[in-house]
Each structure stands twice: as structure tokens, then as C-alpha cells.
A.B. asks: 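Here it is, the structure in full.
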Amino acid sequence: MMGKGNKSVVKVLVASSIAFSVIPSTFGLTTVFANETGNVLVNENFDAITDEKLPAGWKLVQGNAVTKDGKLLLTSPSSSAPARVIIPLGTDAGDYVFEADMTFLSAVDNTRWASLMYRIQNENYPYYQFAVRKGTTALNGLEFAIRNEKNQWVVPETNSFQENFEFNKSYKLKVIASKNRVQQFVNGKLVIDTDLASQYGNGDVGFQANGVNVQFDNVKVTTTSTDLPSSENSGAFIPAEPATTIVNPPTLIANHQAIDTSEQVSSVLLPVTKSSDGELLVNEKSLIDVLTSIKNKRIPILQVEQAGLEEDIIAVLNDAQTTDVHFVSSNPAILKELRTKEPNARGGLIYSKNSLNKNDLEAFAETIHKSKGKVAMIPQKILTQEIVHYLHSRTISVWGVGADSTNSAHDLLHIGVDGIISNTPEYVATALTEYPENTIIQRPIVAAHRGIPSLAPENTMAGYQLAYDLGADMIETDVKRTKDGHLVIMHDDTVDRTTNGTGRVRDLTLDEIRQLDAGSKFSPQFAGEKVPTFKEYLQAFKGKDIVLLVELKDTGIEEQVIQEIEAEDMVNQVVLQSFNLDSMVTINKLKPEIPIGYLYSQGVPGTDVEKVKNAQKLLNYGSSRNVTLNASYGSVYQEFITYMRQRGMMNMHWTFRGEDPFSEKLQQGVIGPITDYTQWLTKSPINLETPIKKVNLKVGKSSTIQAKAFVDYRVDKKENIKTELYMLEGSNKVRIKGNTIEALAPGTVEVFVKHTFTMLGKEWNVVAEPIEVNITE
């Protein structure tokens, strides 16, 4: 709390019920006035301050700060020589809005920062601050930080911004502090929302620079008596969904006609139009009212088909403080423009043609990526499992539009979509309850890590071919550049571990590397295996039904990688990833048609609230750079997986080498495992196919139903498989024994064909679509 010895240095004008216009400071005093919403404690634009002085009463507590050319200039040559200016408020104010324009002039590096300090105690410390790094796109580019009583930093909340702050460009910063709640904004966009400001209830405000030269202008502090929404409504949430025993079930989305459904849907599709008087509407209701009504209950998916609405939509989202949003459109240009203006949002492209052949599908996938999207919205009538698999292999989630009956809901489930958009979500909710424990509807997209190093030498053509033969959906590999500028396949910086040679790849020529034996260290049977070139790797699978997941191990090779991919005409067959995010951003600029992923690893947060907030932060981070979040499997957890699924982000996760963690993450819903053990999933059937969907029986008669299993996306191959029937209701009408149905009494029941199999040490089920059984006398 502020000490009683604090002197009042701010002049207070007589309060009035009308709002005053901004009054410039005179005689070196900071102007203060009142308006309808609160008392303005500080209003300073520095235009009347001369001789490089600070405004009267402002206090330089550390470093260098002057007023120059109508701006407050803080100079900090290094992190060990910060600059701090404090504005004593002379009151017990602590609930206020603190605003200022900030401009970076120079920085030691991108990690250095400037800040708005608030609730400063003792005209020094402790205090809170809104810190902004020069490299604001980093995960900790923005901070809610605490300088505690021991004069140490505690940083409980961080976020990234959609762009790095540019030099000599002004950004509007704002802090709203109300009791324990704090919201921090950049250019009107809410970037941090926390309830962790309970330790200090009031105090002064000020500015700080750390390793940067920075200007501040248009400083304003206004008291507020308005309570901020509960932190439970801070924007990071997981919507409730229907109960189900399906592993990785699709998220349920209400079409706009079902916006008032009582079903537990994660999202709502909202078509946005503009009225004749310029208001944005959804179903003739104000967009901002609709957003407010579903805030932190359901995720808004804004469908925009009219060009030119982008600025208005962003303004409404900012006014509604809606940061968790999805844009979809059938127009790629509109989607791209929306995603460019609001990079933290996700994007999806609506397919509007009546058919979807192979050429259409290839073009559609590339257009989605070029438009900064990650989701394909496709009508149920043209969707197939093969289409879903094609898009999944290119890290695109699929939302099916339909499910206008329980049977069609089952159809969509079995197609393997990631989301179901329906005018009748009750049918989907019912269908989701009709499956046994551990039912797999959507088989994972399996990436064979460096080939299949559990059975063959890593990153060799022999290993790649074996992974392909075992049914891998993707083959992962690593690319480095040789001394003489060739791209070769190698994970390590040196050839020592995997070959009979020594030395760094960058110090060896292609000829020297090609003379090495890359197989004999694994087993004598692979003696003579060569280190492949990137070109050989591409050519081996050109035109085959498999996607190549390529990790760039060097920087500066992005353009060459793309050139070699283009030379083989394989843009539609490659996904690129890297631990270096800048490398992927470069790829996206050079060739946006190619999907990209960011590899990383981090600890799992300790509490449920922290887990959801972390998922939100990471999703924004990935969306703003158009990358999938390819985290290590130890970094992901149930809330993360659910959060991503509900928001249409399909990620790849590395590297599964143990059956127990593999099984655990599959049960949590991981769809993109990267593994050394592709063979563990080879025996997993993709789905069951029954010869009939309807059976007519008379009482006393019976029917036996046999199913076949579809086992390989690559080959139209079906196998006989051991199954049994089950039903949820109707035991008084039929009796089931194995695969036989015996009719007992008139009526209609649904039965299902089920196959139980063991994988990764656990039992799993694959189930066919329901069979309608009609019984008559």
C-alpha cells in the first residue's frame, strides 16, 4: 500500500459531470480533470515541457530520462543499467486505466524491453508491470510481471504478439487494473488477462526501460470503478461437449440455425453480414451482442463471404474482448485478409463445389495453406475417409457439414472428421453415446521417424522403404547441407554415430559422405547403405500415396530445400518442420502452399487453469505464424489435446519409443504420432465394413452378419476379421449371440458390429456403422 508520506504532486481540477477535452499542461504541471466515467489523474503529452526536464512531480529513480521533442525519452544502454521514472499519484488510487504510446528507438537485442509500471509501492518497489520486449513475437514477448519485496522478478503471465515491435513505430499500450484483476492491451487488443494482482491494491505508475532507448507519449491515468469480468471469463476455456467413449471424438459445432441449442457444443458457426446502416449482424442480431452472449461458453466461428468487412470485424472483436475466434470463408482472399489482420485467429476454407476429385483435392489443400488456414469445411455428401486421410496427412483438420439424422451422424463419425457442423446437434450427441470403451473412430496419422530405426538403420533408403511397406502415413527425415552445398539426409551435426566415418557434415563434401557406410553399424545385413541425398529421398516416393515430413536441421537452406522440392514437382507431398521458428516463417513466405510445423519441448503446467492458459498461449503462437505445434509428447496433456482439437489445430508429436506413453497419448486423443515403431500400429484396422445396413426379420428367425476390415489407406484391401454384435437397447426384441441376431418380438432395434484388438498392451475397439433390424410377426 502507498505510504502516508507520499506527497500529492498532481493538480486536481474541479470535477464536473461533463467530459472535458484534453487540456495541455501549463506551467509545467500535469493536467488532471474528471469525466463521466472516472477522475483523470494524469494527462500528459509533453508538448509544454522544455529544457529536457520531467513534468513537475515526476521522479527519476534510476538511470537516464528526459523530455525531448514532445516525448518522454528513457535511455538504458544495457540490462544492468535500467531507467525508471515514477509518477506519484498522491492518492490511494489503484483501480485505474493507465495508457501511453510507446516507441522503440533502439535495443541491445530482441530480448530487451520497456514497460508500464503500476501500483508502485514506496515510490520505488515492489510493483506490477506490463513489459514489452523488442521481440514481441517470442512466447514471453509480453509479460505481466511482479517486482517483489525482495526486489526480484516474478513473471506469472506471458504472451506473444502477432508482430515484433518495429523501431520508430508507435504502439498504444493500456493497462486496466481493477481489484485483483488486470487486463493489458496493445493497440486495443487484449493480450494478457489475469487475476494475480491481489498483493498490491494501489500505488503509483511509471515507466521503465531495460536495454532499450524508448519514447513515451500521450500518457493518461483515469480512475475506474468498473469491475472486470471474473478471471473464469478470461478467454482461456474448454467448452463442455457431449459425453462419449470414443477416442479422439470430433468436436461438435452448432450451425447458425442451432445457435440456441441446449446441446453441449464447443463452437457456433456465425455468418456475418453488414446492414444498410453499417452494423455487423448474425441472423439479424448484432454481432457484438451474439459474441457477448456466447463468450467463454462457445467458440465463435465467423463465416465471412463479403469482402471489405475485415476492419469492422476486427474492431468488434476488440470491443467484445473476443480473442478466441475462428474465421471461415469459401473465398480464399477473404480468409487470407482476415487471418493477416488477426493472426491469432484460426482459419478454415469452405469447399463449395458439388464434387471433389483428386485434382480438386490437391488444389484445395494447397489453397488452404496459401490462405493461412488449417481447417477444411466440406459437405457430408462428398466426404470420404480417403479425403479426410489425404488432408490429415497434410496437417489439415476436417469439419464435416451435415448430420441431419442419427444415421448420418454415425456416417460422419466413421468418415473420421475432426469436427461436425450440424443444424441438429442432438443427433450427433446421441450417436456419440453409442460406442463401447476405447473405440477408435479416427486412426492416427503415423509418421515413421527417420524411417523405422527399430528395424532398420535410421535415415536410409532401406529404412524408408520398410516404413512405407508397413503402412506409414508419413516418413520423417532430417536435412543438412554439405561443405560443397549439397542437401543430404543426416540428423546429427556429425556422421560419427550412424556411419563408419567421422566429421561434421558441413566440413565434408558430398563425395566424401557418399563413400561412407550408413548401415553396418545397425546390422551387417545393411552393410553398404549410403547416406541419401535429399533429391534421392524425394524421388523414391514421388507420386506415391505418402507424405514426407522433413525437418530442416540447418538454417539458411530454406530456399534450396524448396527448389529441390519444386524440381521434383512434389509440393503437394511434403510437410516441413524445424526447431527454428524463423526458418519456418521463411518457408511460409517463400512457398506458403507447403505446410509447416514448429518443433519444441516444454514442461507441463501444474494446475488445470495454467494448463488451459498455456494451451491458449501456444495456439495463438502457432496460429500467428501459421505453424502446427509439433511438441514432444511429454509436453502435451489432455487439456492441450482437447483445446487444439476443438479449435481445428492438428499437430504432430515426437518421438514415441515406449508402448505405455504411446498408448496413454492415443487415449488422450493424439492424432499425429511420430514414432520409431511404425509396426506397433500396422495391425490396427482402420474401419469395419458390413455388407448390409438394414435387416428384416420375422419373429423366431435369425441372421448372421460378418464384417470385413479395411486395413490400409494405400491399398483397397479388406480382410476377414473376428467380430461380434452388440446393442444398446432392445434385448426384449432380439437376442444376440456372437454374430447372430435372433428375432424375439416385433419392433425396431439397432445393432453394431464390433472388433476388439490389442495394441500397445491395451484393448481397443473398432465399430461399424449401426445396422437397423426390423422385426415383424
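Numbers for residues simply follow the sequence, beginning at 1.
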A.B. asks: F185 ring centre to K174 NZ or CZ under 6.0 Å, with the angle to the axis within 45°?
C.D. replies: yes

A.B. asks: In terms of side-chain geometry, is the basic nitrogen of D411 or K693 positioned less than 4.0 Å from the acidic oxygen of its partner?
C.D. replies: yes

A.B. asks: Is R645 positioned over the aromatic face of Y643, cation under 6.0 angstrom from the ring centre and no more than 45 degrees off axis?
C.D. replies: no

A.B. asks: Consider only side-chain N and O atoms of Y598 and N626, and report whether a donor and an acceptor are under 3.5 Å apart.
C.D. replies: no

A.B. asks: Please report the closest heavy-atom contact between H326 and V328, naming both atoms and the distance.
C.D. replies: CD2-CG1, 3.8 Å

A.B. asks: Nearest 0.5 Å please: distance from the OG1 atom of T723 over to the CD1 atom of I705.
C.D. replies: 9.0 Å

A.B. asks: Hey, what's the ring geometry for H414 with H410, parallel, tilted or perpendicular (30° and 60° as the breaks)?
C.D. replies: tilted

A.B. asks: Can you list the residues that meet the side chain to side chain donor-acceptor pair (under 3.5 Å) rule with E337, with sequence neighbours excluded?
C.D. replies: K341

A.B. asks: Examine the side chains of E157 and N159 and answer whether a donor and an acceptor come within less than 3.5 Å of each other.
C.D. replies: no

A.B. asks: Can you classify the ring geometry of Y726 versus F752 as parallel (below 30°), tilted (30 to 60°) or perpendicular (above 60°)?
C.D. replies: parallel

A.B. asks: For residues T642 and E639, is any side-chain donor paired with an opposing acceptor at under 3.5 Å?
C.D. replies: no

A.B. asks: State plainly whether the residues K708 and E689 are in salt-bridge range, i.e. N to O under 4.0 Å.
C.D. replies: no

A.B. asks: I need the minimum non-hydrogen distance between P444 and P673, along with the two atoms involved.
C.D. replies: CB-CD, 3.7 Å

A.B. asks: Using modelled atom types and a 3.5 Å cut-off, is there a donor and acceptor pairing between side-chain atoms of T244 and backbone atoms of L432?
C.D. replies: yes

A.B. asks: Calculate, to the nearest 0.5 Å, the distance between atoms CD and OG belonging to Q668 and S663 respectively.
C.D. replies: 10.0 Å

A.B. asks: Could you point out which residue of K297, R298, R346 forms a salt bridge (Lys or Arg N to Asp or Glu O under 4.0 Å) with D324?
C.D. replies: R346

A.B. asks: Look at D227 together with R181 and state whether they make a salt bridge at an N to O cut-off of under 4.0 Å.
C.D. replies: no

A.B. asks: Centroid separation under 6.0 Å, is that true for the rings of H755 and W764?
C.D. replies: no

A.B. asks: Under 6.0 Å from the ring centre and within 45 degrees of the ring axis: does the NZ or CZ of R647 meet both conditions for the six-membered ring of F237?
C.D. replies: yes

A.B. asks: To the nearest 0.5 Å, what is the distance between CG on L139 and NZ on K617?
C.D. replies: 5.5 Å

A.B. asks: Less than 3.5 Å apart, any donor N or O on the side chain of N630 or H653 sitting next to an acceptor on the other?
C.D. replies: no

